[in-house]
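As structure tokens, the structure follows; a few thoughts come after it.
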There are 2 protein chains.
Amino acid sequence: MSRKAGGPTSEESSKSARTRERILDAAAHVLSRKGYAGTRLGDIADQAQLQAPAIYYYFGSREDLIEEVMWTGARRVREHVSETLDALPADTDPMDRICAAIEAHLHIELELSDFATAVIRNSGQIPEHLRTRQLAEEGEYGKLWRTLFRDLDNAGDLRPGLDPRVAHLLVLGAINWAAEWWNPKRDTFDAVVRNAQSLVRHGLSARSQLIEPDEQTGSRPPRKRTRRTP
Amino acid sequence: MSRKAGGPTSEESSKSARTRERILDAAAHVLSRKGYAGTRLGDIADQAQLQAPAIYYYFGSREDLIEEVMWTGARRVREHVSETLDALPADTDPMDRICAAIEAHLHIELELSDFATAVIRNSGQIPEHLRTRQLAEEGEYGKLWRTLFRDLDNAGDLRPGLDPRVAHLLVLGAINWAAEWWNPKRDTFDAVVRNAQSLVRHGLSARSQLIEPDEQTGSRPPRKRTRRTP
DNA sequence: GTCTATATACGGATAGAC
DNA sequence: GTCTATCCGTATATAGAC
């Protein structure tokens with residue numbers, strides 16, 4: 001709505017640019033915890049260790065600041081996952097690429113960035129006019145995932161009966177939701193990644209056929225399973 | 001924080017009780033779309049077709065009203081899924097019970113209730129003191145799912161390598177997140193249910209082994225993989 | 001660049017008429 | 001039971017000192 005403030009916008013790291021970063025980080029932190037309407041400039045200022053009016057030297061308005069958090073969050077997720085995929089050997093098979101994307105997405109979501117969780121938790125509540133740049137990023141990110149699933153399908157390894165679009169949204173949901181429950185004191189990050197990959201790999205693959213036990217062959221002892229230690 | 005207003009609280013459907021329901025429904029509607037901090041009594045009043053101060057005849061405060069929405073949402077989800085499971089034949093196998101729970105959860109989340117989405121979207125942003133009753137309900141609901149997974153495990157049908165707790169949270173995430181993207185104009189409700197059930201069934205089952213293609217047996221035509229378009 | 005002081009708007013809550 | 005009028009706390013944003 002309002003115009004950019006006169007403050008520096010470039011990406012060099014002058015003192016001024018670093019203060020701007022501090023404010024942006026603080027805004028992502030507060031936004032991810034309090035939600036859009038609950039995000040107060042006062043809380044952001046506390047987190048960034050300055051007074052609220054100082055924010056206006058760097059951002060034109062509260063809305064401008066929040067808009068930039070959402071866009072930055074969407075962009076960083078896409079870039080991180082995209083770069084991870086680009087770094088894979090050229091002959092990596094489609095399912096392994098999907099598993100790599102799952103790990104990369106979880107990594108930036110759970111370990112790297114308040115920006116990612118700010119986006120995940122607030123996309124549904126933020127006014128449309130603040131989401132233009134974010135939506136463009138998410139469109140690109142959606143393309144990336146559609147390509148991963150299309151490649152799996154083209155390789156003949158997407159199980160018949162699964163719709164690529166719906167399946168991709170369910171998978172993304174499973175990992176996005178991890179931000180709501182993951183507690184590093186209960187589960188290691190690696191445990192979450194391994195479970196998600198295992199679930200998805202077997203859930204999607206056309207090679208994952210359910211073996212009918214037909215008659216009780218008795219070949220499998222009914223195990224009493226002990227708790228896994230991660 | 002504040003006490004209940006003197007208004008009727010029982011579940012009979014006098015005119016008064018129905019007005020109270022209308023306000024509660026309106027609050028769930030607004031809460032699920034605007035978020036906790038963004039939920040205005042004025043918006044709730046508009047939705048319920050009365051003026052804001054009238055709300056205070058039925059609820060002691062904005063917080064009391066929101067607390068009841070969250071509790072009601074959590075309770076309805078648990079009751080709906082629980083009743084669905086109870087109605088299954090006693091010999092239904094564990095995986096089929098999980099699939100039935102998935103359908104029931106999706107059903108109340110996507111088709112029946114703003115209360116469910118209000119809970120899903122706001123649990124992370126609402127102050128703790130408004131969540132006591134909701135958390136108790138969710139504890140019970142968690143037990144229900146843990147039982148489903150434990151039964152699957154005890155039947156020897158939870159694939160080794162999956163942690164029952166993590167797997168159950170990933171599954172619940174996949175279906176909770178559907179509220180963020182499902183559009184009845186794009187996908188039928190049944191399509192979402194079928195994809196989710198298929199993904200989970202193959203993703204969890206110990207009987208779902210990946211068949212290694214080792215050598216190209218020629219049984220599957222090697223479909224051409226198209227290059228990604230940026 | 002960052003602060004204190006303050007103008008202005010908005011939303012929850014209450015008083016009291018009907 | 002539901003309304004109109006209003007009080008009051010809080011939040012964004014601006015003015016202007018340093």
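All chains are named by letter (A, B, ...) in the order of the sequence lines, taking the proteins before the strands, and each is independently numbered beginning at 1.
- In this structure, B/Glu140 does not pair ionically with B/Arg78, as no charged nitrogen and carboxylate oxygen lie closer than 4.0 Å.
- Under the ring pair (Phe, Tyr, Trp, His ring centres under 6.0 Å) criterion, A/His105 pairs with A/Tyr141, sequence neighbours left out.
- Residue A/Gln49 contributes atom CD, which lies 16 Å from atom C1' of C/dG1 at whole-angstrom precision.
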What protein N or O atoms touch nucleotides 8-11 of chain D N or O atoms at under 3.5 angstrom, if any, and at what distances?
from, atom 1, to, atom 2, distance (Å)
D/dA11, OP1, A/Arg40, NE, 3.4

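- Between the CG atom of B/Asp64 and the P atom of C/dG12 there is a distance of 14 Å, rounded to whole Å.
- Applying the 4.0 Å criterion to OP1 and OP2 of C/dG12, one finds that B/Ser61 has every side-chain N and O outside that range.
- Taking atom OH of residue B/Tyr57 and atom P of nucleotide D/dG1, one finds them 4 Å apart after rounding to whole Å.
- Atoms CD (A/Gln51) and P (D/dG16) sit 20 Å apart, rounded to a whole Å.
- Residue pairs satisfying the salt bridge (charged side-chain N to carboxylate O under 4.0 Å, His left out) criterion with at least one member in residues 25-42 of chain B, sequence neighbours excluded, are listed as follows: B/Arg33-B/Asp114, B/Lys34-B/Asp43.
- The side chain of B/Ala54 lies closest to D/dT2, out of C/dT2, D/dA5, D/dT2.
- Atom CZ in A/Arg20 sits about 13 Å away from atom P in C/dT2, given to the nearest Å.
- We find that CG of B/Asp43 is positioned 8 Å from P of C/dG12, with the value rounded to whole Å.
- Across the protein-nucleic acid pair, B/Tyr56 atom OH and C/dG12 atom C1' stand 4 Å apart, rounded to whole Å.
- For the residue pair B/Gln134 and B/Ser123, a side-chain donor N or O sits within less than 3.5 Å of a side-chain acceptor on the partner.
- For B/Thr19, whose side chain is taken as the heavy atoms from C-beta onward, the closest listed nucleotide among D/dC3, D/dT2, C/dC3 is D/dT2.
- Summarising the geometry, the separation between CG on B/Asp46 and P on C/dG11 is reported as 11 Å, rounded to the nearest angstrom.
- Between the side chain of A/Asn195 and the backbone N or O of B/Asp163, at least one donor-acceptor pair lies under 3.5 Å.
- The structure places CG of B/Leu148 at 6.0 Å from CZ of B/Arg97, a figure rounded to the nearest 0.5 Å.
- B/His129 and B/Glu67 share no donor-acceptor pair across their side chains, judged by distance under 3.5 Å alone.
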